[in-house]
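Take a look at the structure set out below.
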Amino acid sequence: MQRRSRRVLIGVLAALLLLGGGALVAVGAYGRSLDGNLARTEAFAGLPASARPTQSVTGAMNVLLLGSDSRDPDKTADSRTDTIMLLHLDADHQKAEVISIPRDTWVYVPKSADGRHGDTMAKINSAYAWGGTPLTVQTVEGFTGVHVDHVAIVDFAGFAQVVNALGGVDLKIEKTITSIHPPYRTFEKGTRHLDGAAALDYVRQRYQFSDGDFSRERHQREFLQALLDRAAGIGTLSNPVKLNAFLQAVTKSVTVDEDFDLINVALELRDLRSDDLTFLGSPSAGTGMKSGQSVVLPDTAKAKALYQAVADDAVQQYLTDTATPTPTGGTAQH
């Protein structure tokens, strides 16, 4: 990835609410209007504080990002989440990390508020189907041991408009494939410039890849990073008209918890640069069969180490300690 020196603000959409050129634009009446675009949800309703992990490091922040794609042709249950990510902002506000948790990860899901579901091992995205955002928060906190401060639910289908507001996005296609969905686009290997519909079509594909949902998860991370790079690289951040179209599209595609304040979050994140963001995958031990279902098995020991580092605000040290040497003498991150 090309390293950039541009100043950008990485917001709740895994770095998509952006500010640049040293100018904080999400302030005053304009910022409040953007904040008003955000739909709200009672993300923590019914969760007793005594049963939740504590936030032990002052200044650090954890945002649970949930992605839903209501127009995905593969989607069979409207209430399940397609994407689960945990965004951690370091206490010094110099680095941020985004950890993807595969939607089929086999975890314990607590009992739902209505008592009809849960209290069982299941795929992690079952939590949303059984108990909405609160049960998802409770499940993720139980799995990771990390306190969730805010929640942002992303409508990935709505992000087609975000991509189009930027004039398209450059995605690296890892191999030539044909989409299984109409209009059956062919995606040629290499870096390709895609509009919103084509970009979303590509990140929905999984059956053509040997690692299935892992590839979909990886492509979603690449998609978010590509959006960030595109916004920073075409003058969007210094062009009021382009920036407004971008931010309007982003904020209209997101639902957040009731206490989320866009301006306050923007102020906390304003010093981050695009290369201060690291994307990671939740450690897994591959796939297996549980209760007649194909699931992702977490690597319990490695996951515990990673999420303890998140809770302790020590992810950068964790990355240094676990980096793998590459043939060229550098280091490869997770």
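Counting all heavy atoms, side chain and backbone alike, Leu135 lies closest to Trp130 at CD2-CB, 3.9 Å. In terms of heavy-atom proximity, Asp149 sits nearest to Ala60 at OD2-O, 4.2 Å. Across all non-hydrogen atoms, the minimal contact from Thr176 to Lys189 is OG1-N, 3.0 Å. Residues Val148 and Arg52 approach most closely at O-NH2, 2.9 Å, considering heavy atoms. Residues Gly145 and Pro53 come closest through the heavy atom pair O-CB, 3.6 Å. Residues Leu194 and Val163 come closest through the heavy atom pair O-CG1, 3.9 Å.
Every residue two or more places apart in sequence or in another chain that forms a ring pair (Phe, Tyr, Trp, His ring centres under 6.0 Å) with Phe209 is listed here: His219. Judged as a salt bridge (Lys or Arg N to Asp or Glu O under 4.0 Å), and not counting sequence neighbours, Glu97 has no contacts.
The 12-atom threshold is exceeded at NZ of Lys175, counting heavy atoms of other residues, nucleotides or ligands nearer than 6.0 Å. Counting heavy-atom neighbours within 6.0 Å of Glu42 CD, excluding the residue itself, gives a total of 12 or less.
Between Thr83 and Leu66 there is no side-chain heavy-atom pair separated by less than 4.5 Å. Side-chain contact between Thr255 and Leu38 is absent, with no heavy atoms from C-beta onward closer than 4.5 Å. Contact annotation: the side chain of Pro283 never approaches that of Pro298 to less than 4.5 Å [non-hydrogen atoms, C-beta and beyond]. Counting heavy atoms from C-beta on, the side chains of Leu297 and Thr287 never come closer than 4.5 Å.
Residues Asp211 and Arg218 are paired through a salt bridge, judged by an N-O separation under 4.0 Å between the basic side chain and the carboxylate.
Residues Ile99 and Val57 fall into different hydrophobic clusters, defined by Ile, Leu, Val, Met, Phe, Trp and Tyr side chains chained together at heavy-atom separations under 4.5 Å. With hydrophobic clusters built from ILVMFWY side chains whose heavy atoms lie under 4.5 angstrom apart, Leu200 shares a cluster with Leu65. Under a hydrophobic clustering in which Ile, Leu, Val, Met, Phe, Trp and Tyr are joined whenever their side-chain heavy atoms come within less than 4.5 Å, directly or via other members, Leu47 and Leu86 fall into the same cluster. The hydrophobic clustering, which links ILVMFWY residues whose side-chain heavy atoms are closer than 4.5 Å, places Val98 and Val154 together. Note on Ile173: it clusters hydrophobically with Leu227, by side-chain heavy-atom contacts below 4.5 Å among ILVMFWY residues.
Atom CG of residue Leu87 and atom CZ of residue Phe279 lie 9.0 Å apart, to the nearest 0.5 angstrom. Taking CD1 of Ile101 as the reference point, atom CG of Asp104 lies at 13.0 Å (rounded to 0.5 Å). The NE2 atom of His88 sits 9.0 Å away from the CD atom of Gln316 when rounded to the nearest 0.5 Å. From Ser294, atom OG reaches atom NZ of Lys123 across 6.5 Å, with rounding to the nearest 0.5 Å. Atom-to-atom distance recorded for Arg204:CZ and Arg216:CZ is 8.0 Å, nearest 0.5 angstrom. Annotation: the span from Tyr318 atom OH to Asp313 atom CG amounts to 15.5 Å, rounded to 0.5 Å.
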Verdict with supporting geometry, Thr144 and Val310, side-chain contact (heavy atoms from CB on, under 4.5 Å) = CA-CA 9 Å; Thr144 64; Val310 175; over 6 Å; no
Verdict with reasoning, Phe223 to Tyr202, per ring-ring contact (aromatic ring centres under 6.0 Å, His included) | CA-CA 10 Å; Phe223 170 62; Tyr202 177 69; 9.8 Å; no
Could you give me the CA-CA distance, side-chain angles and deciding distance for Ile153 and Val254, then say whether side-chain contact (heavy atoms from CB on, under 4.5 Å) is met?
-> CA-CA 6 Å; Ile153 305 172; Val254 182; over 6 Å; no
Check the pair Thr139 / Val107 against side-chain contact (heavy atoms from CB on, under 4.5 Å), numbers first and verdict last.
-> CA-CA 8 Å; Thr139 301; Val107 301; 3.8 Å; yes
Please lay out, stage by stage, how Asn62 and His150 fare under the test side chain to side chain donor-acceptor pair (under 3.5 Å).
-> CA-CA 7 Å; Asn62 302 307; His150 293 293; over 6 Å; no
Stepwise side-chain contact (heavy atoms from CB on, under 4.5 Å) test for Glu141 and His147 | CA-CA 6 Å; Glu141 288 188 337; His147 182 274; 4.2 Å; yes
Please walk me through it: do Gln317 and Asp321 pass side chain to side chain donor-acceptor pair (under 3.5 Å)?
-> CA-CA 6 Å; Gln317 185 60 52; Asp321 293 343; 2.8 Å; yes
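In this structure a side-chain-to-backbone donor-acceptor pair under 3.5 Å is missing from Arg206 to Phe214. Using a distance-only test at 3.5 Å, with no hydrogens or angles considered, no donor-acceptor pair links the side chain of Asn37 to the main chain of Lys252. A donor-acceptor pair under 3.5 Å is formed between the side chain of Asp299 and the backbone N or O of Lys302. Remark: the backbone N or O of Glu217 is not paired with any side-chain donor or acceptor of Ser100 at under 3.5 angstrom. Proximity of a side-chain donor or acceptor of Arg192 to a complementary backbone N or O of Lys172 within less than 3.5 Å is not detected. Proximity of a side-chain donor or acceptor of Glu258 to a complementary backbone N or O of Arg40 within less than 3.5 Å is not detected. Side chain of Asp257 to backbone of Ala43: no donor-acceptor contact under 3.5 angstrom is found. With hydrogens and angles ignored, the 3.5 Å screen pairs a side-chain donor or acceptor of Gln205 with a backbone N or O of Asp201. Proximity of a side-chain donor or acceptor of Ser112 to a complementary backbone N or O of His117 within less than 3.5 Å is detected. Panel note: side chain Asp35, backbone Leu262; a donor-acceptor pair is recorded below 3.5 Å.
Screening Tyr108, Trp106, Tyr307 for a ring-ring contact (aromatic ring centres under 6.0 Å, His included) involving Phe143 leaves a single residue, Tyr307.
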